[in-house]
**Q** 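Mind having a look at this structure? Questions to follow.
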Amino acid sequence: MQHRGAWKNRWTFMLATAGSAIGLGNIWKLPYMIGVNGGSAFVLVFIACIFFVGIPLMMTEIMLGRRAQKNPFNAMQQLALEANASTYWKYLGAAGMLAGVLILGFYSVIGGWVLSYIAVSTQGTFHNISATQSAQNFEALLNSPITLIFWHSLFMVMTMSVVARGVSAGLEKANNILIPALFAILLILLGYSMSVGDMHAAYQFMFTFDFTKITPVAVLSALGHAFFSLSLGMGAVMVYGSYLQRNVSIAKTTIYIAIADTMLGLLVGLAIYSLVFANHLAPNAGPGLIFQTLPIAFGHMPGGSFIAVLFFTLVAFAAWTSAISLVEPTIAWVVENTQVKRTHATLVLGIAIWLLGIAVSLSFSTWKTVTIIFGLGIFDTLDKLTSTIMLPLGGLMMAIFSGYVMKKNHLQDELNLKRKAYQIWTVTNNYVAPIAIFAVFIYLLGLVS
Ligand code: TRP
């Protein structure tokens, strides 16, 4: 076995895990999903999913990784042996690796959109831009596969070159500055939206909770997005937890990260929707939402070009630190089980994901009519298949494994919680989260058949 990395201390683990969680999911995906799923109904369910499913399962996943100190595949195998259970559990680790690869296949393309928007911002293109022009610019990007593939390729090279070096090496320092900087620039954006946008309408849209508006589809998407946003269900935080020392409190770390992650997404949502309503745009624009609305804001604020460059650069960094965590489980598995070098493994996996991303890039134009499952296109298939099925299923299995297979004293040992906190974790992990996920799956089966 080759050498395993380790985090220097609790802080670097926390930043790396926050770096994984905070990404396009918060800035790009959550805002448009709120719009597509009817606003506040979705927000409420999403927050509930973070608290009752996301937080307990994030603790579970980190705990599994730290106990085994191995990549997800070997970790599940070892923990199963320790509990005298079937080693088939290792395939849960394998399924997670696959999910990570499928996610990066489209994540990297969206990361490419962000990179291209950095380039566009430097040219002052947004100056005094109208809503129509902004939408047209975005359409034009989607319709030029070569441009999309170029930026996607660059994003893949960025991601894989960090992974090739080992996650704990280069990343720790970068995270230290980038996450606080991202929060700072968001506050500027929020301040601007408050002064010129329709914050009142945005607030109402997102936070007037009307229980009658909650639809089953909104619940399904909210649950899936809770997993996506916290990087759960595929082994990313498990592998990060495996590099963690024993003396760090998993519960505290998890709660801080989950709250920061959720707050960030909701703040972006507020900033965007106040611009959407002030400019009479449609809240349900879908994946293009931030790329169509934010340029309007940047184009009309003093120093807007500069702020735009800064904003998209920070988003690119956030996406980058997330992307890395999507492939780390697979790379850790190769490195720990074979003689293949980290660099070689990274190259091969990188090429495979790059090819997948090319298909995704084409799915917005040339291959628009190509459908994979349930009449969904390539991008939608990857997105829906991973977020609404693979991640929740992975989370469900981890909850069952920890709650019903592992030995109680091992759990207590690793989580190291006070009595009350341990009870809360047990109830959410063993009952609330699995039942919620299960119920959503049953509903999904009903939809399909
Ligand atoms: N959480 C990241 C985001 O919000 C995306 C991500 C990184 C992810 N690693 C993951 C999602 C693992 C699911 C599983 O952008």
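Atoms within a ligand are numbered from 1 in the order they appear, just like the ligands themselves.
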**Q** When the aromatic ring centroids of Phe379 and Phe364 are compared, is their separation below 6.0 Å?
**A**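 Between Phe364 and Phe379, which both carry aromatic rings, the centre distance is below 6.0 Å.
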**Q** Is the distance between the ring centroids of Tyr117 and Phe291 under 6.0 Å?
**A**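 Yes; Phe291 has its ring centre under 6.0 Å from that of Tyr117.
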**Q** Side chains of Ser108 and His152 only: does a donor on one sit below 3.5 Å from an acceptor on the other?
**A**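 Distance-only check passes for Ser108 and His152.
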**Q** Is it true that Lys70 and Glu336 make a salt bridge, defined as a side-chain N closer than 4.0 Å to a carboxylate O?
**A**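 No, this pair does not count.
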**Q** Can you pull every nitrogen or oxygen pair between ligand 1 and the protein closer than 3.5 angstrom?
**A**
residue, atom, partner, partner atom, Å
ligand 1, 1 (N), Ser20, O, 3.2
ligand 1, 1 (N), Ala21, O, 3.1
ligand 1, 1 (N), Phe228, O, 2.7
ligand 1, 1 (N), Ser229, O, 3.2
ligand 1, 1 (N), Ser231, OG, 2.9
ligand 1, 4 (O), Ala21, O, 2.9
ligand 1, 4 (O), Gly25, N, 3.3
ligand 1, 9 (N), Ser231, OG, 3.3
ligand 1, 9 (N), Ser325, OG, 3.0
ligand 1, 15 (O), Leu24, N, 3.1
ligand 1, 15 (O), Gly25, N, 2.7
ligand 1, 15 (O), Tyr107, OH, 2.5

**Q** State whether a side-chain donor-acceptor pair under 3.5 Å links Ser402 with Asn429.
**A**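 The criterion, which ignores hydrogens and geometry beyond distance, is satisfied for Asn429 and Ser402.
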**Q** Any pair with a residue in residues 20-34 that passes side-chain hydrogen bond (donor to acceptor under 3.5 Å, both in side chains), sequence neighbours left out, goes on the list, sorted by first then second residue, please.
**A** Ser20-Ser231, Ser20-Ser325, Asn26-Asp261, Lys29-Asp383, Lys29-Ser387
